[in-house]
Structures are given as C-alpha cells and as structure tokens.
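Here the structure is a predicted model, which is why all the values come from computation and not from measurement. Residue numbers begin at 1 in each chain, while the letters A, B, ... track the order of the sequences.
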Amino acid sequence: MSEFALPLAMAALTMGGIIIGYRVGLVLAGTAALFILVSDLPAAFFKLIVSRIYANILSNWLFVAIPMFIFMGLILEKSGVAERALRGAQQALGGTPGGMGISVLVVGLLLAASSGVVGASVVLLALLALPRMTEAGFDAATGAGLVAASGTMAILVPPSVMLIVLGDQLQTSVPAMFAGAIGPGLLLVALYAVYILWRARGLPRQARDPDAARGAVLLAVDVAPLVILIVCVLGSIVGGIATPTEASGLGAFGAVIVTMIYRRFSLAMLMDAARDTVATTAMVALVIIGATCFAAVFRGVGGDEMIQSALGSFGHAPWAVMAVVMLSVFVLGFFLDWLEITLILIPIFAPVIAALDFGNGLAGQELLIWFGVLVAVNLQTSFLTPPFGFALFYVRGAVGDRVSSREIYRGVLPFIALQLFALGLLMAAPGLITGF
Amino acid sequence: MTAGPGTGLKRAGDALMNALAMLVILLMLCVVLQVACSFLDINPLFSLTSSHTFIGKGITLNSLLDFQWHLFALICLVPSGAILLRDRHVRVDFLYDGFRPGLRRAVDLSGHLLFALPFFAMALPAAWEFAMRARRSGEGSRNGGLEDLWLIKLVLPLGLGLLALAILIESWRLIRAGRRA
Amino acid sequence: ALALPASGESYTLQSAFTKTLPVLGPAAERFVANVAALTDGAVEFKHLGAGELSPPFEIFDNVSVGAIDAAWSFAGYAAGKEPAAALFGSVPFGGEPLQYISWLNHGGGLELWREIYAPYDLVPMACGVILSESGGWYTKEIAAPEDFQGLNIRIGGLGGDILSKLGANAMSLPAGEIATSLETGRLDATELSFPLVDKLLGFDDVAKHYYFPGWHQPAGFIEFYMNKGKWDALTDAQRTAIEVNCNDINLYTLGVAAGAQSEILQEFRDNGVAVERFPDSVLDALRKAADEVYAEKSAEDEMFRRVIDSYRAYGEKYVEYQELSKLD
Ligand code: NA
Ligand code: NA
C-alpha cells in the first residue's frame with residue numbers, strides 16, 4: 001500500500017480537519033495545497049486549481065440556480081408567506097403533525113422536479129420547512145433529516161445534472177435516464193412518508209388554530225402562494241418558456257410578486273432576504289471550491305489509481321461486481337463528492353457491467369440505465385453520509401445555530417437506512433426503473 | 001464608546017453586503033429579462049456599430065447569459081471574507097461545540113496555519129496571473145457574449161484576497177483573545 | 001501518480017472529451033498505446049477524460065503554463081483568445097475532410113497554426129479528422145431561410161455567428177440543459193455531432209427533424225498539442241513517433257466513423273425522425289451569411305484573415321482537379 005501513502009494521508013488529513021471543526025471549505029483547499037507541496041506535482045498545479053475554481057464554479061451558469069432558489073426561499077420565509085402556506089397545507093391534511101411532515105415532503109418533491117442542483121433545494125427547504133417541523137412537534141433531528149433527504153431528491157428526480165453526467169459517462173440516452181429515475185424517486189418519497197407518519201404517531205395534535213378553522217376558500221387563499229410558485233417554476237419549464245436554471249430566477253421573481261399580492265412586501269424585507277442570500281451562497285460556494293481543489297490533487301497524487309487497484313482485486317461474477325461498485329460508491333461518498341466518484345468509477349465499470357448477465361433479463365441500453373439509476377440513488381445517499389455530506393453542510397449553513405451538527409447526523413441516519421433499503425429493492429426489482 | 005477599527009470594519013462589511021444584495025436582485029431581473037426576450041424573439045437587445053469594452057458590439061441573449069454568471073461569480077466569492085468574520089462558513093461542530101474556548105481558538109489558529117496559509121500563499125499569485133493571462137490575450141467570448149473576460153477573472157484574486165485578509169484579522173483577534181485569557 | 005513507476009517518462013494527456021465516447025475514446029487509447037510501443041515505453045501518456053484534471057475550456061491555459069503536459073482537444077475552444085483558432089476546428093462551408101487535412105499538411109495550414117499557438121508555448125497538430133457532422137436536430141421544419149427568424153438554437157462558435165445573421169437566437173446553453181429544453185420547447189434546435197454520437201444522447205426522442213448537411217462543420221480536426229518545453233525536451237525519434245501516430249489517428253478516426261452511420265440513421269427513421277436535407281434556398285442564405293461573417297472577422301483579426309485566405313487559396317487549386325476527376 002506504500003505507493004498509495006499520499007492519497008491515504010490526504011483522505012486522513014481531510015477527515016481529521018473536518019472532524020475537529022475547522023471550516024470545511026478551507027480544510028479541503030488547504031489539504032490540496034499541502035499535498036501539491038509535498039508530492040512531486042509541479043508548482044503549476046496551483047494554476048490548474050485556480051482554473052478549476054473559475055471553470056467549474058464561477059463561470060458555471062447552472063449554479064445561478066443556487067442564489068435564485070435561496071432567494072426565493074428567503075423571501076417566502078421572511079415575508080411570512082411560507083409559514084401561512086405550509087400551515088394551510090397542514091390544515092388541509094387534517095392539522096396533524098404528520099400532515100405537516102407530508103406537506104414538507106410534497107413541497108420537497110415539487111422542488112426536486114424543478115431543480116437539478118442540490119445546494120439550492122436543500123437550503124430552500126431548510127429555510128421553509130425546518131421551523132414548521134419543530135413547531136409541529138418533531139424534534140430538530142428528524143426535521144433536519146427530512147429536509148436533507150427530501151432536498152437531495154433534486155439530484156435524482158429529473159431534471160438532474162447528475163443523471164446527465166451519468167448518462168454521458170455510460171453513453172446512454174439522457175431522456176431514458178430521466179425516465180428511469182421516476183420510479184425510484186416515487187419509491188423514496190413513499191418510504192420517507194411512511195417513516196415520517198410513524199415518527200409523528202406519538203406527537204400531540206396541535207390545538208387547532210382558531211384562524212385556521214375556516215372555510216375551504218380561506219384555506220385555498222393560504223395555500224395559493226405555493227401553487228402560484230410551482231406554476232411559475234415547474235410550469236415555465238414544462239411550458240417551454242424557461243430552462244430549469246432560468247426557472248429558478250422566475251421562481252424568485254414570482255415570490256416577490258406573491259408577497260406583493262399578500263401585502264407582505266417591503267423593500268427592507270427584500271434587501272434582508274438578498275443579504276442572507278449572499279451569505280448562504282458564499283457559504284455553499286466555499287465548500288464546493290474546496291472540493292474541486294481537493295479532487296484535482298487527490299487524483300494528481302494517484303487517488304484514482306488507488307481506488308482502481310482496490311477494485312481490481314475483486315472477481316468478475318455479476319453480482320459480486322455489482323456489490324463492489326455499490327459498496328465503493330457508498331464508501332467514497334463519505335469523503336468525495338458525486339461528480340468525482342462518477343468520473344473515477346464509471347469509466348472503469350461501464351464496459352464491465354455492459355457485458356454481464358444479472359439473470360434479470362436486462363441487456364444493452366436497458367441494463368446500463370438500470371445500473372446508472374442504481375448508482376444515482378447510491379450517490380444521492382452520499383449527500384447524506386457524514387462527515388462529508390454536502391446536504392448536511394447546507395442544512396447547517398442555512399439554519400445556523402438552530403440545529404447542531406450532532407442533531408443533523410442523528411436525524412439523517414434513518415433516512416440513510418431507507419435509501420439503502422430502496423437500493424436493495426431496486427436491485428431486486430428492476431421493473432421499478434425500466435418500467436417507466 | 002469611541003469608534004475603533006472594529007466598528008469601521010463592520011461598517012465596511014455591511015456596505016459590501018448591501019452592494020452584493022443588490023446584485024442578487026439584479027441577477028433575478030436579468031434572468032426574467034432573458035426569459036422574456038427569448039420568449040418574444042428579441043435578439044439582439046441592441047447593437048452597436050463599433051466594439052466596446054465588456055459588451056462588445058451589442059447586447060445579445062448570450063451577453064445576458066454571460067452577465068448572469070458574472071453576477072453569480074461576484075456573489076459567491078467576494079463576500080467570503082465578510083462571511084468568515086461573521087463565522088458563517090460551514091464547520092462540523094459536533095466535537096468543536098463541546099471544546100473549551102481556549103481549545104476552540106487553538107483549532108482555528110492551527111487550521112489557519114496548516115490549511116489556510118499554504119493555500120492562499122500559493123493560490124493568490126496563481127489567481128492574479130490567471131486574470132492577467134486573460135488580459136494579455138484579450139480573451140473574450142467564444143459565442144458572441146461578453147468580452148474582456150479578464151475583468152471577471154479578477155474576481156478570483158479579489159475574492160480570495162478578501163478571504164485571506166479576513167483570516168489575518170481573525171487570527172489577530174484569536175491571538176489577542178488568547179493573551180487576555 | 002503522475003510519475004509512474006515505469007521505465008519511461010509519464011506525461012499527462014488531458015482530453016476535452018468523455019473517455020467513453022465512441023470513435024474519440026478508442027482513438028485516444030490507440031494513440032497512447034502506439035506512442036508507447038514506438039518509443040519502447042519511453043513516452044507514456046496518461047489519458048485523462050473530460051474534467052478529470054483540467055476543465056475542457058481551460059486545457060489550453062493549463063498546458064500553456066505547464067500544469068498539464070499535453071492535450072487532446074478542439075481548437076474552437078481557444079477562439080475566445082485567438083479567433084483564428086476556430087478555423088482549425090472546422091471551416092463552415094469549407095471542403096470535405098481530404099481537402100481540410102491536405103491544406104493543413106501541404107497548403108501552409110500547419111505553419112499558421114503553429115504560429116498562432118507559439119506565443120502560448122504550445123505545439124499543435126491535427127490528431128483525428130472528423131467526418132462531416134449532421135446539420136442538427138430541429139423540432140420544427142426549416143423550409144426557407146425565414147424559418148430561422150427567432151429560432152432558439154444551441155450552437156456556438158462561427159456557426160452561431162452565421163445563424164445569428166439570419167435572425168436565429170444562437171444560444172450557448174450548457175450540455176446539461178439541452179435535452180430538457182428541447183423536450184419542453186424552450187429550444188427549437190441544437191447542433192451536435194455525427195449520428196453515431198447523437199444516438200447516445202437520445203435526441204431522436206425529442207426532435208423529429210434531423211437535417212443535413214452539417215454546413216457548420218463539413219470536416220473537423222481533433223487537435224493534439226504539447227507544452228513547448230516538454231516537446232523540445234523529447235528526442236527527435238520521440239517527436240516523430242508522436243507525429244506519425246497522429247497521422248495514423250487521422251486516418252483511423254475518419255475510417256471508423258465513415259462506415260458506421262447508416263445503421264444509426266435507420267434507427268432514427270424507425271423512431272419517426274425525418275432525415276432530410278436543408279433546401280437549397282436555405283443553404284444559399286447560410287453561405288451568404290457565412291461570407292459576411294468571414295469578411296467581418298477578417299477585418300477584425302489579421303491572423304483570421306491570413307488563415308481563411310490561405311484556406312481559400314488552397315481550395316481553388318484543390319477543387320479544379322476534383323471537378324475534372326468526377327465520374328458523373
Ligand atoms: Na431535479
Ligand atoms: Na457523503
């Protein structure tokens with residue numbers, strides 16, 4: 001293993017720095033810098049890192065969705081429109097804590113269907129839903145877990161940047177990958193719903209809001225803002241007016257209009273929301289910047305070869321190969337981000353998988369799509385796994401001191417278990433993927 | 001209380017955040033304008049006979065597209081230093097929260113020394129050179145968008161420089177607090 | 001690691017393309033293996049897929065400063081820095097592949113290319129000739145030049161400039177948004193590659209008009225370039241091995257792609273796609289727009305003028321004999 005001393009030391013230093021509590025983005029960037037200096041990489045590698053920050057993050061137009069969705073969430077939250085709307089949705093579902101959980105889940109699913117970037121949807125959902133979950137009686141951990149898990153659905157439910165990259169690497173059709181992810185997305189929502197209802201069973205039903213004991217019309221007025229925004233965002237995509245990235249800007253604009261209709265608009269509120277958007281975007285960006293530096297150096301010192309040689313030591317029996325791939329994606333997910341995992345693993349495994357017979361009647365393109373979606377569900381799980389789960393960082397960054405890292409970690413564990421259960425189910429029943 | 005360097009710094013930070021907040025609103029309006037123009041088939045928005053700095057020979061839908069990521073670049077990197085001074089950058093705090101104040105200071109200071117120092121010492125000159133290289137080659141759009149890319153590439157040394165400055169200020173505060181304790 | 005425990009020297013070769021891409025993926029592997037074989041293992045390229053170390057559009061800079069040793073890319077990506085570089089990716093309304101490579105090797109093209117890249121410390125050469133591409137996927141019929149008015153199309157570079165002259169909105173959306181946008185109607189059309197590659201993206205499910213010819217790219221080059229310091233440090237034999245292998249790849253890419261398109265076209269037809277030619281009136285309008293763009297770019301950039309003039313001068317000589325030799 002001595003030839004892999006550098007990548008191993010890199011992983012260890014990063015984990016150490018993150019766990020003792022230094023800023024995540026700076027740990028990643030700093031580890032990258034240190035290992036350029038101690039390895040035989042040329043000093044010009046710093047120039048490469050700078051070009052990665054510029055090309056992968058700063059000039060990546062898809063990331064415009066991050067500030068726009070965050071802005072939309074903050075406007076809804078600060079104006080009080082979100083609170084009223086989610087309470088209304090809860091009332092419509094019987095006014096129970098479980099009703100609130102399901103409302104949040106539905107909003108999360110709709111957000112996922114209009115966004116392809118995890119940072120945006122997780123932060124938005126954390127802002128909107130976490131306070132309501134706590135109010136409804138859920139502990140902070142469960143609330144944070146639900147927010148993180150349903151926020152990461154954005155990367156699995158089409159449109160999704162991850163499915164596009166996977167489709168590219170696997171050389172399968174993007175529309176087919178999108179179709180393949182619909183079943184797993186619905187399966188996960190169903191599992192989350194069952195879990196949230198089970199958690200809610202012992203919670204006291206809240207005293208019915210006297211205001212809320214109103215007619216269906218008034219209830220509709222409460223819930224209308226969410227409906228309007230979903231029409232703005234999803235409707236503009238489906239109607240061919242906007243791309244998913246453009247739709248995020250329309251969503252923010254729609255939120256401003258909604259606050260005006262509900263007479264909650266003020267310039268002070270708008271600026272306050274915009275200032276917080278700047279802070280949260282910068283927070284998300286530093287983590288991604290660190291990750292892109294880390295990944296380049298990790299590969300430069302032979303991290304990808306370390307992973308390849310570790311994988312090469314396993315056999316070629318179909319299900320053994322599958323197990324190795326799934327396990328490595330899951331384990332790498334503890335400290336690498338999805339894009340790097342995809343770039344390292346898929347080129348190695350795509351040709352191997354394409355030639356295997358899993359005894360489930362799948363072959364060719366269908367086989368690759370099944371495999372690709374399995375990897376996607378696994379990668380989605382990697383957003384949730386501590387210590388390096390992007391979704392966990394975003395929840396923490398969005399809600400500040402209201403929830404501790406410890407609570408977030410505790411809250412996501414049941415959801416990770418559900419994800420793994422779903423993964424097993426999808427392996428056993430490929431029809432859930434290929435049947436759509 | 002007299003206004004010390006701390007309050008001056010805070011006021012500068014607030015002013016910066018306010019300016020960037022307006023860019024968020026501008027970004028939103030820019031996306032709306034782009035969607036409206038492509039829906040109504042308005043392209044270019046206007047044309048010029050000669051080429052100008054930054055906008056080139058007019059404003060096209062590609063210029064608007066480029067302008068959006070320019071704004072995003074400013075929003076995501078320039079405030080990083082101010083955010084550090086407000087301690088908003090993500091840390092995993094399940095151990096850190098339980099540490100004594102002295103140990104927390106030690107974590108932050110040694111983190112600055114071990115991680116931040118090598119990164120900024122090497123990345124800042126590289127970022128500056130990155131922008132200057134674009135300036136020398138007169139790098140512009142590949143597809144009729146915004147020109148003079150070195151202007152936006154300057155955000156890299158600027159944003160990273162402000163972050164490095166904030167780390168210096170925080171280090172100084174941590175050392176001072178350590179002496180007092 | 002970058003320094004492999006092999007007997008030879010290891011060089012990073014950053015590709016702008018996905019490793020698993022048909023034609024280009026195997027071509028890169030063939031190149032790497034053959035260079036190693038012909039240099040007795042003294043020159044080992046480590047082939048990196050798109051984005052592994054350098055992002056595609058930054059490869060030029062990163063090889064220039066020596067962070068990466070060599071590149072396998074598309075010259076059009078450097079057009080923001082050097083407008084004339086676009087003409088070494090493809091020449092809209094230019095000639096077929098044989099004319100393009102002949103001009104490069106025997107008509108003064110390569111010398112101009114090396115002159116353009118020299119200030120960046122890069123030594124370029126063609127290392128893959130690309131067959132004529134398709135004219136793109138359209139969700140609407142293009143019956144006359146007026147149909148381009150207000151058409152939202154994803155196309156970059158000179159092709160985009162030319163279409164803009166006819167009133168199209170030539171957008172540079174990232175690849176990630178194309179499929180969704182075509183399906184929903186936010187985009188009306190997109191330019192892509194030849195059928196073998198287009199098939200993989202599944203556009204036959206979302207756009208039902210597949211147009212020919214690919215006027216924006218009747219022939220294309222994949223470029224190989226190396227950092228000048230690294231290039232100069234090679235022995236004569238090693239440099240020759242690289243150049244000879246690039247010429248092998250020029251023939252290989254053309255041959256592999258040429259015979260493999262027909263089956264795919266049939267699959268598209270079976271999926272309800274109309275495979276059709278742009279009407280002559282449309283091609284005439286595009287050709288006229290292309291001449292305007294060439295005139296403008298030549299006025300703005302001296303090197304652009306020299307390259308396009310060189311290409312056209314060679315073309316006149318080339319075409320005469322081709323015409324005489326035609327059997328029908
Ligand atoms: Na999504
Ligand atoms: Na993880």
Side-chain angles (χ1 to χ4, degrees), chain A residues 17-27 29-34 36-37 43 46-47 49-51 53-54 57-61 63-64 67-68 71 236 241-242 246 248-250 252-253 270-271 274-275 277-279 281-287 293 387 393 396-397 400 404-406 409, chain B residues 17-18 20-25 27-32 34-35 39 65 68-69 71-73 75-80 82-84 86 88-97 99 104 107-108 110-112 114-119 121-123 125-127 129-130 152-153 155-156 163 167:
Chain A
I18 289 177
I19 284 167
I20 61 164
Y22 190 61
R23 274 92 169 194
V24 174
L26 294 174
V27 170
T31 307
L34 281 175
I36 293 177
L37 297 174
F46 275 94
K47 297 171 183 170
I49 282 185
V50 166
S51 77
I53 298 175
Y54 172 77
I57 297 144
L58 300 189
S59 66
N60 185 347
W61 179 68
F63 282 0
V64 164
M68 287 299 94
F71 192 37
S236 67
I241 295 166
E246 292 168 341
S248 66
L250 294 186
F253 190 67
L270 190 70
M271 279 301 284
R275 266 192 302 267
T277 302
V278 173
T281 305
M283 176 276 290
V284 170
L286 189 63
V287 176
C293 297
F393 298 153
R396 185 75 183 76
S404 70
S405 291
R406 192 189 299 265
Y409 285 4
Chain B
M17 293 302 279
N18 277 330
L20 290 165
M22 286 182 217
L23 295 189
V24 171
I25 298 169
L27 174 58
M28 174 184 79
L29 295 175
C30 186
V31 175
V32 173
Q34 182 199 319
V35 172
F39 185 71
L65 207 77
Q68 289 162 27
W69 67 255
L71 289 172
F72 169 75
I75 292 165
C76 83
L77 203 52
V78 175
S80 218
I83 299 307
L84 184 104
R86 286 152 205 227
R88 286 275 318 261
H89 278 308
V90 185
R91 50 166 114 237
V92 167
D93 52 10
F94 74 99
L95 291 178
Y96 186 88
D97 268 352
F99 291 166
R104 284 193 206 177
V107 164
D108 283 332
S110 48
H112 289 342
L114 179 66
F115 294 114
L117 181 69
F119 176 70
M122 303 297 283
E129 205 194 302
F130 180 70
I152 194 64
K153 287 186 170 181
V155 169
L156 261 163
L163 181 55
I167 287 171

Taking side chain as everything from C-beta outward and backbone as N, CA, C, O, which of these in [X] sits under 4.5 Å from a heavy atom of chain B? Side chain, backbone, both or neither.
X: A:Ser248; answer: neither
X: A:Arg396; answer: side chain
X: A:Phe71; answer: side chain
X: A:Ile53; answer: side chain
X: A:Val287; answer: side chain
X: A:Leu37; answer: side chain

Nearest 0.5 Å please: distance from the [atom1] atom of [X] over to the [atom2] atom of [Y].
X: B:Ser110; Y: A:Ile20; atom1: OG; atom2: CD1; result: 5.5 Å
X: A:Leu58; Y: B:Leu77; atom1: CG; atom2: CG; result: 5.5 Å
X: B:Phe119; Y: A:Ile36; atom1: CZ; atom2: CD1; result: 9.0 Å
X: A:Leu26; Y: B:Leu84; atom1: CG; atom2: CG; result: 7.0 Å
X: A:Leu286; Y: B:Leu163; atom1: CG; atom2: CG; result: 6.0 Å
X: A:Met68; Y: B:Met28; atom1: CE; atom2: CE; result: 7.0 Å

Mind listing the closest non-hydrogen atom pair of [X] and [Y] along with its distance?
X: A:Ala282; Y: B:Ile83; result: CB-CG1, 4.0 Å
X: A:Tyr22; Y: B:His112; result: OH-ND1, 2.5 Å
X: A:Gly21; Y: B:Val107; result: C-CG1, 4.3 Å
X: B:Phe115; Y: A:Thr31; result: CE2-OG1, 3.4 Å
X: B:Arg91; Y: A:Ser405; result: O-OG, 4.0 Å
X: B:Pro118; Y: A:Leu34; result: CG-CD2, 3.9 Å

Under 6.0 Å from the CZ atom of B:Phe39, do we count more than 12 heavy atoms belonging to anything else shown?
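Incorrect, the count does not exceed 12.
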What option among [options] has the most heavy-atom pairs under 4.5 Å with chain A?
options: B:Ile152, B:Val90, B:Leu156; value: B:Val90
options: B:Ala127, B:Ala82, B:Cys30, B:Ala116; value: B:Ala127
options: B:Arg104, B:Met17, B:Arg88, B:Met122; value: B:Met122

Taking side chain as everything from C-beta outward and backbone as N, CA, C, O, which of these in B:Leu71 sits under 4.5 Å from a heavy atom of chain A? Side chain, backbone, both or neither.
neither
What part of B:Gln68 gets closer than 4.5 Å to chain A, counting heavy atoms only: side chain, backbone, both or neither?
both
Flag the pair [X] / [Y] as yes when at least one side-chain heavy-atom distance between them is below 4.5 Å, and no otherwise.
X: B:Trp69; Y: A:Asn60; result: no
X: B:Val92; Y: A:Phe393; result: yes
X: B:Asp108; Y: A:Arg23; result: yes

May I ask you to name which of A:Val27, A:Leu270, A:Ile241, A:Ile19 has the most heavy-atom pairs under 4.5 Å with chain B?
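So the answer, after comparing A:Val27, A:Leu270, A:Ile241, A:Ile19, is A:Val27.
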Largest heavy-atom contact set with chain B, pairs under 4.5 Å, which of A:Gly25, A:Ser59, A:Gly17
A:Ser59
If the test is side chain to side chain contact (heavy atoms under 4.5 Å, CB included), which one of B:Val31, B:Leu29, B:Val35 qualifies with A:Phe253?
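When B:Val31, B:Leu29, B:Val35 are each tested with A:Phe253, the side chain to side chain contact (heavy atoms under 4.5 Å, CB included) holds only for B:Leu29.
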Does NZ or CZ of A:Lys47 fall inside the cone over B:Phe130's six-membered ring, less than 6.0 Å from its centre and within 45° of the axis?
no
